[in-house]
Amino acid sequence: MLRISSLITCYGRIMALRGVSMHVDEGEIVAIIGANGSGKTTLLDTISGVLAPKSGSIKLFGQEVSGWQPEKLVRLGVAHVPQGRRLFADLSVYENLILGAYRRSSRDKRLHLEEDLERIYEIFPVLKERSSQKAGTLSGGEQQMLAIGRGMMSRPKLLLLDEPSMGLAPIVVRDIFKIISSLHKQGTTVLIVEQNAKAALSIARRGYVLETGRVVLEGTSSELTKNPEVRRAYLGKGYKHIIEE
Amino acid sequence: MPIWNKRCETMARPDIEQLQLERLQARVNRAYRNVRFYHRKFKEYGVEPEDIITLDDIRRLPFTTKDDLREAYPYEMFSVPLREIVRIHSSSGTTGSPTVVGYTKNDLRNWAELVARVISAGGVTKNDVVQITFGYGLFTGGFGIHYGAERVGASVIPVSAGNTQRQIRIMQDFKTTALVGTPSYALHVAEVMEEMGVKREQLALRLGLFGGEPWSERMRQEIEDRLHITATDNYGLSEVMGPGVSGECEYKCGLHINEDHFYAEVINPDTLEPLPYGHEGELVITTLTKDGMPLIRFRTRDITRLNPEPCKCGRTMMRMDRVMRRTDDMLIVKGVNVYPSQIESILLEIEGVEPHYQIILDRKGALDEMTILVEVSRELFTDSMSRLVDLEKKILDKIHSSIGVSARLKLVEPRTLERSQDKAIRVIDNRNL
């Protein structure tokens with residue numbers, strides 16, 4: 001589905017990605033883990049078109065899309081849920097969700113918008129309860145749900161999630177990850193970037209470890225969770241599963 | 001015959017290449033960071049990990065040779081702290097230092113997986129009784145096949161090498177269906193069976209999985225006819241991992257390389273330039289998943305050709321020709337790697353021995369026989385017989401203990417060994433493979 005090779009992205013003269021290659025197959029959850037500043041967010045921003053790469057290739061459904069504008073990629077089926085949610089705080093929950101469908105045709109919206117909204121409300125009942133409340137008044141966990149819900153309103157084939165656990169209490173993280181799992185089971189392919197390696201690897205099939213803009217390890221989630229280096233650097237002592245199947 | 005890991009072994013070519021690029025970049029990044037040898041070599045060559053943009057860029061990276069591994073003795077090539085290494089194997093050394101290979105837990109899991117693929121391609125299933133006649137120990141043959149066969153779920157008999165009569169009794173009593181070892185040992189087994197009066201019909205044997213030494217199609221035919229089995233070849237080398245690098249499927253038309261774990265190139269051994277597919281040259285292997293001791297562009301000295309065409313068996317993994325020759329003077333005697341220089345250095349340590357020797361290899365029945373002719377000083381010859389006998393014993397003991405192969409020895413007077421234009425002929429190989 002997504003195939004990236006030797007991607008280089010710079011901020012001015014600073015090289016944030018130094019030749020990253022990775023892929024996501026249809027139906028997978030793939031995790032990118034790494035410390036702060038390792039290039040995780042840059043990678044997602046480059047995939048979704050927020051940043052233009054200096055060189056390298058991004059192929060989506062067999063088509064070269066590097067350097068494409070974000071709205072074109074949304075139409076191709078990519079939804080990006082950015083770090084820190086980036087909601088419209090003064091708009092209502094309902095309005096934020098509707099904005100998620102902005103790239104869809106008016107005919108499509110007329111026919112399916114209500115149905116999709118209902119589907120999102122089913123997954124996130126709390127959003128329905130608060131549909132007329134301003135997004136800025138939601139709790140952190142609810143805001144994250146809204147950000148994901150808004151992404152899902154574009155009916156994506158590939159969902160890019162940037163640090164969905166950020167700033168959330170462990171119990172809320174667990175809820176969010178359960179939801180990500182269920183979106184995946186309903187057919188969405190997911191690429192998730194996380195500092196919380198425990199949580200990400202517990203739902204992903206495979207993962208890549210980024211360090212200063214380079215992939216230094218890759219493997220199945222079980223290989224990575226057993227890897228002593230990953231355990232030391234990203235899982236901490238007393239590792240235990242956060243998500244129980 | 002069943003494909004052990006369909007998802008990996010039948011990947012489309014572009015998917016294999018994507019995975020290889022991802023893994024190559026990750027391994028190169030780590031080797032550069034963790035292994036002083038590679039860090040230094042990269043600097044010398046003026047390359048950085050970022051220079052690997054496509055798979056072809058691998059040719060910009062330095063080679064690793066057996067000598068590099070010797071100099072790194074014992075642990076300098078390891079990419080992880082020793083506490084993460086859970087197994088250590090070693091191969092014989094030429095002049096002093098052997099080479100050492102370390103495996104992490106994950107390396108061992110991968111090793112078992114890859115051997116499982118290779119022996120599945122050779123026909124082994126969970127219903128087989130697998131008798132392993134490779135040596136267990138520092139040598140990778142025994143343990144390597146062992147864990148792969150267990151992974152498949154076969155019943156594994158770890159007999160190890162030697163005691164052929166006992167091997168045959170076990171084969172009869174335990175109803176062994178698959179024999180694993182060197183091809184020459186398989187022929188030896190056939191001969192001893194005849195001597196013992198054991199009929200082929202008294203065995204349940206149906207498969208033979210052979211490796212560790214070169215063997216010809218003629219020899220395969222003979223083994224298959226005499227033991228009534230399907231015999232396949234598999235390849236590996238201890239520096240890279242051991243058995244499990246590649247193996248034949250039922251079509252016997254080349255050995256499928258486990259390309260998701262090893263990147264294979266064939267180079268011209270003189271110019272070191274990579275050669276196109278189908279050209280004969282030296283096999284060079286880069287490990288793509290090894291944590292304990294990653295190798296970049298390891299020169300195997302084995303001569304082969306690569307063939308990326310899909311195979312009738314359904315596997316998409318590239319095939320290599322069976323290895324029949326080497327680029328160096330390494331001899332394979334009874335499945336053990338022997339360099340003439342090893343023998344030379346042993347001889348030179350012993351007083352009274354002249355630096356003139358000759359290694360004669362014969363095949364007696366199915367087994368290799370190594371005879372070493374050594375010139376000794378005239379004084380020794382005029383001395384008492386007992387001194388000569390002592391010397392002979394000393395040399396033989398040393399050879400056996402450091403090389404691991406028994407040999408026969410003949411002490412001869414100075415200037416009796418043949419020299420061609422004053423250049424000594426070190427090896428006479430009378431074996432007709």
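Protein chains get the first letters and strands the later ones, always in sequence-line order, with residue 1 at the start of each.
If you measure heavy-atom distances from I8(A) to chain B, you find no contacts under 4.5 Å at all. Using a 4.5 Å cut-off between heavy atoms, L19(B) contacts chain A through its side chain alone, with no backbone atom that close. With a 4.5 angstrom heavy-atom cutoff, Q25(B) touches chain A via backbone and side-chain atoms both. If you measure heavy-atom distances from V209(A) to chain B, you find no contacts under 4.5 Å at all. In this structure, chain A has a heavy atom under 4.5 Å from the side chain of D291(B), while its backbone stays farther away. Of the two parts of D57(B), neither the backbone nor the side chain holds a non-hydrogen atom closer than 4.5 Å to a non-hydrogen atom of chain A.
Here I180(A) contributes atom CD1 and L159(A) contributes atom CG; the two are 7.5 Å apart, rounded to the nearest 0.5 Å.
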- Task: Evaluate side chain to side chain donor-acceptor pair (under 3.5 Å) for Y11(A) paired with T42(A), printing each intermediate quantity in order.
- Result: CA-CA 9 Å; Y11(A) 293 109; T42(A) 308; 3.0 Å; yes
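Screening W111(B), Y147(B), F143(B) for a ring-ring contact (aromatic ring centres under 6.0 Å, His included) involving Y103(B) leaves a single residue, W111(B). A side-chain contact (heavy atoms from CB on, under 4.5 Å) with T189(A) is found for exactly one of D25(A), L2(A), L158(A), V30(A), namely L158(A).
Top candidate by heavy-atom pairs under 4.5 Å with chain A, chosen from R23(B), R109(B), R30(B), is R30(B). Counting heavy-atom pairs under 4.5 Å between each of R27(B), R33(B), K105(B) and chain A puts R33(B) at the top. Between chain A and the residues P81(B), P14(B), A26(B), the most heavy-atom pairs under 4.5 angstrom are made by A26(B).
Remark: R3(A) does not engage E17(B) in a salt bridge, criterion side-chain N to carboxylate O under 4.0 Å. The pair R59(B)-E265(B) does not meet the salt-bridge criterion, since no charged nitrogen lies less than 4.0 angstrom from a carboxylate oxygen.
Side-chain polar atoms of R36(B) and Y38(B) form no donor-acceptor pair below 3.5 angstrom.
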